[in-house]
Amino acid sequence: MIQVDHLTKEYGGLRAIDDISLEFPKGQVTALVGPNGSGKTTLIKCILGLTHPTSGTITVADQQINGGWEYRKLIGYMPQIARFPDNLTVRDVLGLVQGVRGRAERPVNALADIFNLNGDRKKRMSALSGGTRQKVAAMIAAMFDPPIYILDEPTAGLDPISSGAMKEFIRSRRTEGRTVLLTSHIVSDIESLADRIVFLLDGHLMFTGTPDELKARTDRDSLEAAIPQLIQERSR
Ligand SMILES: Nc1ncnc2c1ncn2[C@@H]1O[C@H](COP(=O)(O)OP(=O)(O)O)[C@@H](O)[C@H]1O
Ligand SMILES: [Mg+2]
């Protein structure tokens with residue numbers, strides 16, 4: 001669904017992404033993993049067209065993106081820190097988004113039920129907890145029923161019930177055959193959600209494969225142990 005070919009992104013002299021080629025297939029949840037500064041957000045920004053690659057190509061649904069915008073309708077994006085106008089209510093924000101993009105294709109009431117947001121819809125954004133704002137961001141990503149979801153730390157900071165709802169939501173999208181790309185530092189969430197792991201370090205693609213393949217490759221029996229092992233391999 002998303003194909004990345006020999007992608008390189010430099011900021012000044014720094015290579016944030018160094019010649020990466022990989023694919024994000026349909027019907028799978030791919031976790032983008034790596035320590036801070038490894039290039040995860042840069043890769044996501046390149047896919048969203050928010051920054052231009054230094055070299056290489058990205059193809060979304062068989063179309064090379066090349067500075068175009070139309071393809072972005074195919075992507076539901078949930079940023080790590082979503083910013084909303086503070087004085088608007090949740091209902092206003094959801095209305096505003098539909099004013100710009102057209103009527104939601106997934107019923108907003110059903111989404112609010114999934115994330116248990118119905119009681120908050122009359123509240124101003126400034127009155128919401130961080131986790132509740134995150135759930136509003138997830139609702140917006142899902143409203144237009146996109147074939148591709150890009151979720152930056154979707155479960156970080158959520159209480160256990162909300163986190164469970166978010167994971168269930170992500171699994172349902174996979175079952176529908178959507179492409180899901182997420183980042184997470186929470187190993188148990190990666191373990192329970194990811195079909196594939198893409199591991200970046202210093203802009204290099206260190207590993208791509210299933211969680212079991214990662215354990216086998218590092219000769220460790222948990223992801224918790226396998227991930228630091230990969231990082232050590234690089235520093236040798
Ligand atoms: N706009 C920018 N200008 C200069 N350097 C940047 C910019 N964005 C990211 N970087 C650098 O690129 C590298 C990768 O950053 P990033 O993609 O944000 O990593 P991650 O999301 O994995 O934490 C880091 O060294 C970071 O400092
Ligand atoms: Mg980041």
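Atoms within a ligand are numbered from 1 in the order they appear, just like the ligands themselves.
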For residues 51-58, dump all side-chain donor-acceptor pairs below 3.5 Å to protein atoms at least two apart in sequence or in another chain.
{"from": "Thr51", "atom 1": "OG1", "to": "Lys9", "atom 2": "NZ", "distance (Å)": "3.1"}
{"from": "Thr54", "atom 1": "OG1", "to": "Glu10", "atom 2": "N", "distance (Å)": "2.8"}

Exercise. If you leave out waters, which protein N, O or S atoms are less than 2.8 Å from the Mg ion (ligand 2)?
Worked result: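 Listed by chain and number, the nearby protein N, O or S atoms are Thr41 OG1.
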Exercise. Does the ring centre of Phe115 sit less than 6.0 Å away from the ring centre of Phe169?
Worked result: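 Under 6.0 Å, so yes.
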Exercise. For Ile44 and Ile150, which heavy atoms make the closest approach, and how far apart are they?
Worked result: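 Shortest heavy-atom separation between Ile44 and Ile150 comes out as CG2-CG2, 3.7 Å.
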For this session: Report yes or no: is the cationic atom of Arg101 (NZ for Lys, CZ for Arg) under 6.0 Å from the centre of the six-membered ring of Phe144, at an angle within 45° of the ring normal?
Result: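 Yes - Arg101 lies over the ring of Phe144, closer than 6.0 Å to its centre and within 45° of its axis.
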Less than 3.5 Å apart, N/O on ligand 1 and N/O on the protein: could you list those pairs with the distances?
{"from": "ligand 1", "atom 1": "17 (O)", "to": "Thr42", "atom 2": "N", "distance (Å)": "2.9"}
{"from": "ligand 1", "atom 1": "17 (O)", "to": "Thr42", "atom 2": "OG1", "distance (Å)": "2.6"}
{"from": "ligand 1", "atom 1": "19 (O)", "to": "Gly39", "atom 2": "N", "distance (Å)": "3.2"}
{"from": "ligand 1", "atom 1": "21 (O)", "to": "Thr41", "atom 2": "N", "distance (Å)": "2.9"}
{"from": "ligand 1", "atom 1": "21 (O)", "to": "Thr41", "atom 2": "OG1", "distance (Å)": "2.8"}
{"from": "ligand 1", "atom 1": "22 (O)", "to": "Ser38", "atom 2": "N", "distance (Å)": "3.1"}
{"from": "ligand 1", "atom 1": "22 (O)", "to": "Ser38", "atom 2": "OG", "distance (Å)": "3.3"}
{"from": "ligand 1", "atom 1": "22 (O)", "to": "Gly39", "atom 2": "N", "distance (Å)": "3.0"}
{"from": "ligand 1", "atom 1": "22 (O)", "to": "Lys40", "atom 2": "N", "distance (Å)": "2.9"}
{"from": "ligand 1", "atom 1": "22 (O)", "to": "Lys40", "atom 2": "NZ", "distance (Å)": "2.8"}
{"from": "ligand 1", "atom 1": "23 (O)", "to": "Gly37", "atom 2": "N", "distance (Å)": "2.7"}

For this session: Using the test ring pair (Phe, Tyr, Trp, His ring centres under 6.0 Å), find all partners of Tyr71 that sit at least two apart in sequence or belong to another chain.
Result: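 Residues passing ring pair (Phe, Tyr, Trp, His ring centres under 6.0 Å) with Tyr71: none at all.
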For this session: State plainly whether one hydrophobic cluster holds both Leu193 and Val198, where clusters connect Ile, Leu, Val, Met, Phe, Trp and Tyr through side-chain heavy atoms under 4.5 angstrom apart.
Result: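 As far as the 4.5 Å side-chain criterion goes, Val198 and Leu193 are not connected within one cluster.
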Problem set entry | Salt-bridge criterion met for Lys167 and Glu191 (N-O under 4.0 Å) |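 Result for this pair is no, no salt bridge flagged.
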For this session: Going by the salt bridge (Lys or Arg N to Asp or Glu O under 4.0 Å) test, name the single residue among Arg174, Arg171, Lys26 that passes it with Asp195.
Result: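 The residue from Arg174, Arg171, Lys26 that satisfies salt bridge (Lys or Arg N to Asp or Glu O under 4.0 Å) with Asp195 turns out to be Arg174.
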Exercise. Just by distance, do the side chain of Arg72 and the backbone of Gly49 share a donor-acceptor pair under 3.5 Å?
Worked result: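 Checked: no pair found.
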